[in-house]
Amino acid sequence: MIKMILFRKFRVLILMVFLVACTMHIMIDLLPKLEKRADSGDGGCQCAHHPGRESQGWGKQRARSAAEAGWPNKHTLRILQDFSNEPSSNLTSHSLEKITVAGDRAESFKRMRPSANKAEDHKPLIGDASGARTVPAHGVSRLAALFEHPLYKVDLPPLVDDDTLFNVNTDIRFYPRSTTNQGWHNVDGNEEEEEFSPTGEATAESYPNWLRFHIGINRYELYSRHSPVLDALLKDLVTQKITSVAMKSGGTQLKLILTFQNYGQALFKPMKQTREQETPPDFFYFSDFERHNAEVAAFHLDRILDFRRVPPVAGRLVNMTREIRDVTRDKKLWRTFFISPANNVCFYGECSYYCSTEHALCGKPDQIEGSLAAFLPDLNLAKRKTWRNPWRRSYHKRKKAEWEVDPDYCDEVKQTPPYDQGTRLLDIMDMTIFDFLMGNMDRHHYETFEKFGNDTFIIHLDNGRGFGKHSHDELSILVPLSQCCRVRKSTYLRLQLLAKEEYQLSSLMEESLLRDRLSPVLIQPHLQAMDRRLRLVLKVLAGCIEKEGYVNVVEEDLAGDTATHRSPGHR
């Protein structure tokens, strides 16, 4: 009898403990909502001028964002460390557009405060729509003069429907609320959603800039030389609010897909090393870190060369807490966040290489630089074809590629489609020059838009392994040019123009990169290396012309240009 009584009391005790535990869990789940309700009493102001709020710990911040996003709170409330030891840690890149940037960029990142009292702020400025640093107008802008040169005003052939990526079609509608798949759908879809016709001239200005960029793609270029959409899109990449983050599948290193409030998307490559760190000479081309500043610089170089084959890229200072961790739905990514011994926020994600605590990406304390490359149209809407680069490296530590041992390799390529006709071989030569100027040895594949067949440009994607070395020129990158001895006349004349003192490639790049939010993007040794490499490219072409003759090397592509050109070797 006594045993039965004790057993019943024990069961009651267990039941009471269970009820207490349930009550505590309910209170924990309700706590973020109560905090949110209490915080809403200030009229919804989220200004960054309240030190008490800026020093919130991880647990409190994560609990609030988790309650809003539907995340479980049990794990977040166990994290008690306070990483927000600086007011700047709670600034987002969206709020940074209000800060005046002047003087040394590194110091401005540390202080994160306006510098309106500096004398530079009172100099005449050349306006810039990208939301980035403006360029002091010391006399005439070399960049503006370059784009006014006749070589940068050559007209494209007249465009027909087959030359544009997206044709006028009144039966197509765009649904901007579809964030997971930016696309156009048939009118048979949900009529309740807000609709936009992708190609109406009357309302084209109302489209989001990323959509206007997509609509402007044609057979010959990703964007026009003086497109007003370009600067607007670059500004969006820097200032648009980030609404979701996910890891990009594939690839050797960590990349994130960011979705913005206007439903645009960008590929984010975070900073892995400083601009001053040079790749050791013994590193293999496939074992180096990808550089975020190389992606930014590659876009500007591509534009200066007038190729316009790199999607728009802008540098951005991202708050890892509010703009990545708190908005991601990718639990695999979220679980890799931690606090370093230096009290900085870090994460490492999942990828094939360099995704571990030993290679973690850390902020200061949670601010991190990165490049944001605008997405191309969804593959469901505009299919792309991937091609193996004929001069692809072996990616083997002991074996060499065929082009490295066969001096007549280009003759074989010329007999192989699509290089046996059209402009594809000339596109490869353009890409070779582009990669050599950057020092990029990792061009294993390239892509084209399937709609345009073989008669279209090569898209210069994935340039993160450029600008790794400035004290060494990898001449093997120039092998395709020296073997084939072919180049477009427009490319050849522009290279000669960029080698002149009044233009000078390094000066043009420096001026162009000043417009980026992360300026200075390149250090001086990298800028000077481009001038040195440009002279080497012209030297190779001069040798080709001396050996095979100008008309056999320089391909005429300037419509209506009947002027003859004589190289120094022909005078």
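FYI, side chains are in, hydrogens and waters are out, and symmetry mates aren't considered; it's all heavy atoms of this structure.
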OG1 (Thr357) and CZ (Phe338) are apart, to the nearest 0.5 Å, by 6.0 Å
Taken to the nearest 0.5 Å, the spacing of Met431 CE from Ile428 CD1 works out to 4.0 Å
Are [X] and [Y] ion-paired here, with the side-chain N under 4.0 Å from a carboxylate O?
| X | Y | answer |
| --- | --- | --- |
| Asp430 | Arg309 | yes |
| Arg308 | Asp306 | yes |
| Glu447 | Arg384 | yes |
| Lys153 | Glu148 | yes |
| Glu278 | Lys469 | no |
| Asp462 | Lys269 | yes |

Under the criterion salt bridge (charged side-chain N to carboxylate O under 4.0 Å, His left out), I'd like the reasoning laid out for Glu511 against Arg142: C-alpha separation, chi angles, the key distance, then a yes or no. CA-CA 8 Å; Glu511 179 183 338; Arg142 293 195 190 199; over 6 Å; no
Is it the case that Lys332 places NZ or CZ above or below the six-membered ring of Trp334, under 6.0 angstrom from the centre and within 45 degrees of the axis? no
So, do [X] and [Y] sit near enough that their side-chain heavy atoms are less than 4.5 Å apart?
| X | Y | answer |
| --- | --- | --- |
| Trp210 | Phe260 | no |
| His445 | Arg392 | yes |
| Thr432 | Val537 | no |

Side chains of [X] and [Y]: donor-acceptor distance under 3.5 Å anywhere?
| X | Y | answer |
| --- | --- | --- |
| Asn380 | Asp378 | yes |
| Asp236 | Asn209 | yes |
| Gln261 | Thr243 | no |
| Ser340 | Asn343 | no |

So Phe347 and Phe337, would you call those rings parallel, tilted or perpendicular, with 30° and 60° as cut-offs? parallel
Partner of His292 under side-chain hydrogen bond (donor to acceptor under 3.5 Å, both in side chains), chosen from Glu369, Gln273, Arg316, Lys272: Glu369
Quick check on the 6.0 Å ring-centre criterion: do Phe434 and His460 meet it?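 Under 6.0 Å, so yes.
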